[in-house]
There are 2 protein chains.
Amino acid sequence: MIRDVYLKMCPCRDLLDMVASKWTALVIGDLEDGPKRFGELKRRLEGISQKMLTQTLRTLERDGLITRTVYPSVPLRVEYELTALGRGVTEPLAALRLWAQQNYESVAEARETFDNAEPMGLAPATTR
Amino acid sequence: MIRDVYLKMCPCRDLLDMVASKWTALVIGDLEDGPKRFGELKRRLEGISQKMLTQTLRTLERDGLITRTVYPSVPLRVEYELTALGRGVTEPLAALRLWAQQNYESVAEARETFDNAEPMGLAPATTR
DNA sequence: CCGTATCCTTGGTGATACTG
DNA sequence: CAGTATCACCAAGGATACGG
């Protein structure tokens, strides 16, 4: 049965929200070229907190996009790896990341233009 | 200059966050087949509040992905349309929506499996 | 090394009402 | 019809400390 992401109550919209959320694209992207350890991911995703990384990984694991393997060595060693299901989203997410990287300058320009055009009715020295 | 979305301070990460945010994929998707009025968008995106739609559209306009045209008829008429820049993200976002619609069932299954496997150390009648 | 628990702050989001 | 303004709230997310 094909669902419609435009329908409010459709569960697939939650799924869209999930893959389109802040860190998902980066985590999945970093797992593209093989399994990674927790620490590796943490280091690569500059600025992510331990909490958010754990949370993102849990969600992805629960949704079946990645697997989590524990090697009971000392010290502990945990690896995350994309599943077949997870590899299915890899491509669109990569395209999104690439687009962001390639079009940043155009967007920055657009912003400047927009912000300069906005203050049309700006009074010379009013408070707000 | 090519930026890296994995770098904390890279402005292109903000851009990634933007296109990957809750409503963006749906709004842009709905504009794929031509200009739409505010009300049309509102009706199509079931569950979006007026505030969030306005906010999403403003951001997209500011970033140069869509244009906003006002026809001073009575009653007022406003149309939103994708720019060339905006049409550049159309494809990956469509792929994402499609993936969500097609793989929802697999994900639902994975969740069930995960949730049933979790309560391993569940005590018979503990609080919490 | 990997993860959980807790506290605490912020802002995203919806509901509602009002204006051009 | 489109949009702004205000309020109120819950949950996302960071910092920190502790545990396996």
Side-chain angles (χ1 to χ4, degrees), chain A residues 8-9 13-14 16-27 30-31 35-62 66-81 114 118-122 128, chain B residues 8-9 13-14 16-27 30-31 35-62 66-81 114 118-122 126-128:
Chain A
K8 180 179 183 178
M9 300 313 295
R13 183 186 281 181
D14 296 333
L16 179 61
D17 290 346
M18 196 278 283
V19 291
S21 76
K22 194 174 172 65
W23 298 106
T24 304
L26 294 175
V27 170
D30 202 29
L31 290 176
K36 288 271 170 58
R37 301 186 56 173
F38 185 88
E40 293 180 286
L41 289 164
K42 177 90 164 56
R43 250 169 283 127
R44 185 83 214 286
L45 277 74
E46 272 197 6
I48 194 171
S49 66
Q50 197 173 37
K51 179 180 176 180
M52 283 317 297
L53 182 53
T54 300
Q55 185 174 306
T56 305
L57 289 169
R58 272 299 165 287
T59 304
L60 289 172
E61 186 196 358
R62 186 170 107 100
I66 66 176
T67 58
R68 174 178 182 269
T69 313
V70 182
Y71 300 93
S73 53
V74 176
L76 204 57
R77 174 198 178 88
V78 181
E79 282 193 353
Y80 296 90
E81 184 170 15
F114 185 87
E118 273 307 87
M120 289 217 308
L122 188 65
R128 224 160 188 282
Chain B
K8 182 178 183 179
M9 301 312 294
R13 183 186 281 181
D14 297 333
L16 180 60
D17 290 346
M18 196 278 283
V19 291
S21 75
K22 195 175 173 62
W23 298 107
T24 305
L26 294 175
V27 170
D30 202 30
L31 289 177
K36 288 270 169 59
R37 302 185 57 173
F38 185 89
E40 293 179 286
L41 290 164
K42 178 91 165 55
R43 251 168 282 127
R44 186 81 213 286
L45 277 74
E46 273 197 6
I48 195 173
S49 66
Q50 196 173 37
K51 178 179 175 179
M52 284 316 297
L53 181 53
T54 301
Q55 185 173 306
T56 304
L57 289 170
R58 272 299 166 286
T59 303
L60 289 172
E61 186 197 358
R62 186 171 107 101
I66 64 176
T67 57
R68 174 178 181 270
T69 313
V70 182
Y71 301 93
S73 53
V74 176
L76 204 56
R77 174 197 179 89
V78 180
E79 281 194 354
Y80 296 90
E81 184 170 15
F114 185 88
E118 271 307 88
M120 289 217 309
L122 188 64
T126 49
T127 52
R128 210 161 196 280

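Each chain gets a letter, A, B and so on, in the order the sequences are listed, and its residues count up from 1.
Atoms CZ (B/R58) and C1' (C/dG12) sit 18 Å apart, rounded to a whole Å. At whole-Å resolution of the value, CG in B/L57 and C1' in D/dC1 are 14 Å apart. We find that CG of B/L53 is positioned 16 Å from C1' of C/dG12, with the value rounded to whole Å. In this entry the distance linking NZ of B/K42 with P of C/dT13 reads 15 Å, nearest Å. The distance from atom CG of A/L41 to atom C1' of C/dC1 is 14 Å, rounded to the nearest whole Å. As a whole-Å value, the separation of B/F38 CZ from C/dG20 P is 18 Å. Distance B/R37 CZ to D/dG3 P: 10 Å, rounded to the nearest Å. Atom C1' of nucleotide C/dT13 and atom CG of A/D17 are separated by 13 Å, given to the nearest angstrom.
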(message) So if I define the base as every atom that isn't primed, P, OP1 or OP2, how would nucleotides 7-19 of chain D read as a B/S/- string at a heavy-atom cutoff under 4.0 Å?
(response) B-----BBB----

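B/L45 contributes atom CG, which lies 12.0 Å from atom CD of B/E40 (distance to the nearest 0.5 angstrom). How far CH2 of B/W23 is from CE of B/M52: 8.0 Å, rounded to the nearest 0.5 Å. Rounding to the nearest 0.5 angstrom, the gap separating the CZ atom in B/R68 from the CZ atom in A/F114 is 8.5 Å. One distance of note links CD of A/Q55 with CG of A/L57; it measures 10.5 Å at 0.5 Å rounding. Atom CG of B/L60 is separated from atom CD1 of B/I66 by 5.0 Å, given to the nearest 0.5 angstrom.
A/L16 places a side-chain heavy atom less than 4.5 Å from the side chain of B/L26. Between A/R13 and B/E46 there is a side-chain heavy-atom pair separated by less than 4.5 Å.
In plain terms, the two heavy atoms of A/V70 and A/P72 that are nearest each other are O-CD, 3.6 Å. For the pair B/G47 and A/K8, the tightest heavy-atom approach, listed with the atom from each and the gap, is CA-CD, 3.9 Å.
Between its opening and closing five pairs, the helix from C/dC1-D/dG20 to C/dG20-D/dC1 changes axis direction by 50°, a value rounded to 10 degrees.
Between D/dG3 and B/Y80, a contact under 4.0 Å exists linking OP1 or OP2 to a side-chain N or O. Applying the 4.0 Å criterion to OP1 and OP2 of D/dG3, one finds that B/R68 has a side-chain N or O inside that range.
When distances are taken from the side chain of A/L76 to each of D/dA2, C/dC2, C/dG3, the shortest belongs to C/dC2.
Across all strands, A/Y71 comes closer than 4.0 Å to no nucleic acid atom at all (heavy-atom distances).
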